[in-house]
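Quick note: numbers below take in every heavy atom, side chains included, and nothing from hydrogens, waters or symmetry partners. Chain A is the first sequence line, chain B the second, and so forth, proteins listed ahead of strands; every chain is numbered from 1.
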There are 2 protein chains.
Amino acid sequence: MTFDSNPLFGKLTLIGIGLIGSAIAHASRRAGLAAHIACYDRSAEVLETVRRLGYADSTHAELAGAVREADLVILCTPVGSFGELAREMAPHLKNGAIVSDVGGVKAAVVRDVGPHVPEGVHFVPAHPIAGTEQSGPEAGFAELFDGRWCILTPPPGTDAAALETMKDFWHRCGSDVEIMDPRHHDLALAVTSHVPHLIAYNIVGTADDLETVTEGEVIKYSAGGFRDFTRIAASDPTMWRDIFLNNREAVLEVLARFTEDLSLLQRAIRWGDGDTLFNLFTRTRAIRRGIVSAGQDSAEPNFGRNRPKPGEKK
Amino acid sequence: MTFDSNPLFGKLTLIGIGLIGSAIAHASRRAGLAAHIACYDRSAEVLETVRRLGYADSTHAELAGAVREADLVILCTPVGSFGELAREMAPHLKNGAIVSDVGGVKAAVVRDVGPHVPEGVHFVPAHPIAGTEQSGPEAGFAELFDGRWCILTPPPGTDAAALETMKDFWHRCGSDVEIMDPRHHDLALAVTSHVPHLIAYNIVGTADDLETVTEGEVIKYSAGGFRDFTRIAASDPTMWRDIFLNNREAVLEVLARFTEDLSLLQRAIRWGDGDTLFNLFTRTRAIRRGIVSAGQDSAEPNFGRNRPKPGEKK
């Protein structure tokens, strides 16, 4: 990949340095997107780690100083904190600045942040569809967004130049960019991310609670499929709590469909209806092929887990 | 790994050459476990592939010839076919031979195969907890069973020497071995494999059926979590149909618990009960840690998907 070396921003401020905040810092450095990267976090320990890893030009325990003179401010904390952060930083934003975020829900972000954005500041909500199950300031890496989609949900009347700048920013972080209505985003992500996470958390909880199968057995025989769910169910608890609390309608709608469909399978198993099972199991293979050929997942068996790791002898 | 070069068996016959059948052939060759590996499949195309790949010493379209003089016969077809295969091959088994299988359910296998096993032949049911989402005679590889568990469920009165031989066989294929009651196996695997597969198939079906989110969107934004489920939901349809039809009670029992637990989460989302969500999401991280430290999954983020593939430039 080649990158334009002309920085898009003088000062980029990241609010909350976890997996996504640190990945944006790395990706911005890789592509030279900002002359100065400022990192704010309320945790002194996180800031110490950021300084040790050296991907920030300045670290801040105080919000006002972090956002002062920033050209782009990105909220990277759990979405439940956005309203209060936006209110607190608003008086310190410079005229012409862009405020964005990486929240996994978008209608609630428009609702919570929008009213606090001052006249003359541009608000361009964003959601990069990328991540790992790991959290914290050491978890990010520059390649996280490569080949993944970033969805922007600009409110009506968003400044065209600010929108273009944010498209450019995410392209140069390695992503493809899509513009979408926030409500449609929330429904699409309920299907492709929120409900899958909920059922992964749920099956891991169910397995943990069973009295008849021990935790040791669950762990030993997890390669039968269960281990895949535990990866997703190891994601950040606060981030995911906030997503479910802030995308209630879409999650409940998709969940109702999921439960309805599951009842059909339950009934097919109870009555020995093999055709219903076989037909579904055949149909689902096509979607996998679509995802692999769109470059959204590895074509290798077991996600390439059976490949030797770097430095490991086969 | 080092292997004993003394073959355990003169002739090993594999019945049904898909992912597991071909993996056993490769693992047996790697460890020198059989002087002769015979592969039976009802499909001429599969046998042609086996010959091209060269991991069999003989290929067979006829069951009688395949099992004749075999010291170990392993059923590697979908479990729904076991009863008929056992009945058909019984008259051709030699005295002292061992009959085993790799079926994902065990009580039904004991029920279906047991009655056909002739006097003087030893029946040792087995289930290697290993696999990928791929199928067919090209899908197997020698390392598939390395570090995974293989569960043996010998019926009461099983010959002790035959049981020891099968433990030895699976150890030398790279596995750890556990002895278990078939009913307990079926319950444990309902939790760690069968219900996870069912809900993966189900969520992929639900996503495919939604009118409000397009298939293109589901594919594009699948990196939000959904893509993991599509890997599991790409597993072999016939094999999985047979597993659900043959582990009805345990699957319905675990599924009832799953649905009950999911209702609690649904209610928590509806009423904005963040604590219930947060508490579950925190608890599930511990099981992930257990699985990684037991060596049953990769510690790398995203299963190591972000690692460059062999021969790929970073």
Side-chain angles (χ1 to χ4, degrees), chain A residues 129 132 134 148-149 187-188 191-193 196-197 199 201-202 204-207 213 217-230 232-234 237 240-241 244-245 248 257-258 261-262 265 269 272 274 277-278 280-282 284-285 287-288 290-291 294 296-298 301-303 305, chain B residues 129 132 134 148-149 188 191-193 196-197 199 201-202 204-207 212-213 217-230 232-234 237 240-241 244-245 248 257-258 261-262 265 269 272 274 277-278 280-282 284-285 287-288 290-291 294 296-298 301-303 305:
Chain A
I129 317 293
T132 78
Q134 308 210 335
R148 301 281 86 82
W149 287 87
L187 186 62
V191 182
T192 62
S193 180
H197 272 79
I199 65 182
Y201 279 121
N202 193 65
V204 178
T206 301
V213 178
E217 289 174 322
V218 167
I219 288 172
K220 278 158 81 172
Y221 312 131
S222 60
F226 182 76
R227 61 179 180 172
D228 287 34
F229 293 75
T230 64
I232 288 186
W240 280 99
R241 176 198 65 197
F244 292 115
L245 295 179
R248 190 173 65 177
R257 292 286 289 258
F258 171 83
D261 295 345
L262 192 59
L265 294 185
I269 292 169
L277 299 173
F278 184 83
L280 172 66
F281 299 172
T282 305
T284 50
R285 294 187 129 179
I287 292 209
R288 176 73 188 165
I291 286 172
Q296 292 303 313
D297 208 344
S298 168
N302 274 335
F303 305 117
R305 276 173 181 134
Chain B
I129 318 293
T132 79
Q134 308 210 335
R148 302 282 86 84
W149 287 86
V191 182
T192 62
S193 179
H197 273 78
I199 64 181
Y201 279 121
N202 192 64
V204 178
T206 300
T212 43
V213 178
E217 289 175 321
V218 167
I219 288 172
K220 279 159 80 171
Y221 312 131
S222 61
F226 182 75
R227 61 179 179 171
D228 287 33
F229 292 75
T230 64
I232 287 186
W240 280 99
R241 177 199 64 196
F244 291 115
L245 296 179
R248 189 174 64 176
R257 292 285 290 257
F258 172 83
D261 294 346
L262 193 58
L265 293 186
I269 292 169
L277 300 172
F278 184 82
L280 172 67
F281 300 172
T282 305
T284 49
R285 295 187 129 180
I287 291 209
R288 176 73 188 165
I291 286 172
Q296 292 302 315
D297 207 345
S298 168
N302 273 336
F303 305 118
R305 277 172 179 134

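Residues T192(B) and E217(A) have side chains not in contact (no heavy-atom distance under 4.5 Å, counting atoms from C-beta outward).
The distance from atom CG of D228(B) to atom CG of D228(A), rounded to the nearest 0.5 Å, is 6.0 Å. The line from CZ of R241(A) to CZ of F278(B) is 6.5 Å long, rounded to the nearest 0.5 Å.
When each of T206(B), N202(B), T284(B), T230(B) is checked for heavy-atom pairs under 4.5 Å with chain A, N202(B) comes out on top. For the options A188(B), A233(B), A207(B), G272(B), heavy-atom pairs under 4.5 Å to chain A are most numerous at A233(B). Across G205(A), G290(A), A234(A), A294(A), the residue that shares the most heavy-atom pairs under 4.5 angstrom with chain B is A234(A). Considering only heavy-atom pairs separated by less than 4.5 Å from chain A, the leading option among T282(B), V204(B), L262(B), L280(B) is L262(B). Between chain B and the residues R148(A), R257(A), K220(A), the most heavy-atom pairs under 4.5 angstrom are made by K220(A). In terms of heavy-atom pairs under 4.5 Å with chain A, the best-connected choice from L277(B), V213(B), I269(B), V191(B) is I269(B). Each of L245(A), D297(A), I287(A) has some count of heavy-atom pairs under 4.5 Å with chain B, and the biggest count is that of D297(A).
Looking at I199(B), the atoms closer than 4.5 Å to chain A (heavy atoms on both sides) sit in the backbone and in the side chain alike. When heavy atoms are compared at a cutoff of 4.5 Å, F229(B) approaches chain A solely by way of its side chain, counted from C-beta outward. In this structure, chain A has heavy atoms under 4.5 Å from both the backbone and the side chain of I219(B). Both the backbone and the side chain of I291(B) have a heavy atom closer than 4.5 Å to some heavy atom of chain A. Proximity to chain A involves both the backbone and the side chain of Q296(B), based on heavy atoms less than 4.5 angstrom apart.
Residue G225(B) comes nearest to H197(A) through the heavy atom pair CA-CE1, 4.2 Å, listed as atom of the first residue, atom of the second, then distance. Contact record, G224(A) with I129(B): N-CG2, 3.6 Å, taken as the closest heavy-atom pair.
Between Y201(B) and F281(A), the ring-plane angle classifies as parallel under the 30° and 60° cut-offs. Between F258(A) and F258(B), the ring planes lie perpendicular to each other; the angle is over 60°, past the 30° to 60° tilted range.
Side-chain polar atoms of T132(A) and N302(B) form no donor-acceptor pair below 3.5 angstrom.
Of the possible polar contacts, none joining the R285(A) side chain to the P237(B) backbone as a donor-acceptor pair under 3.5 Å is found.
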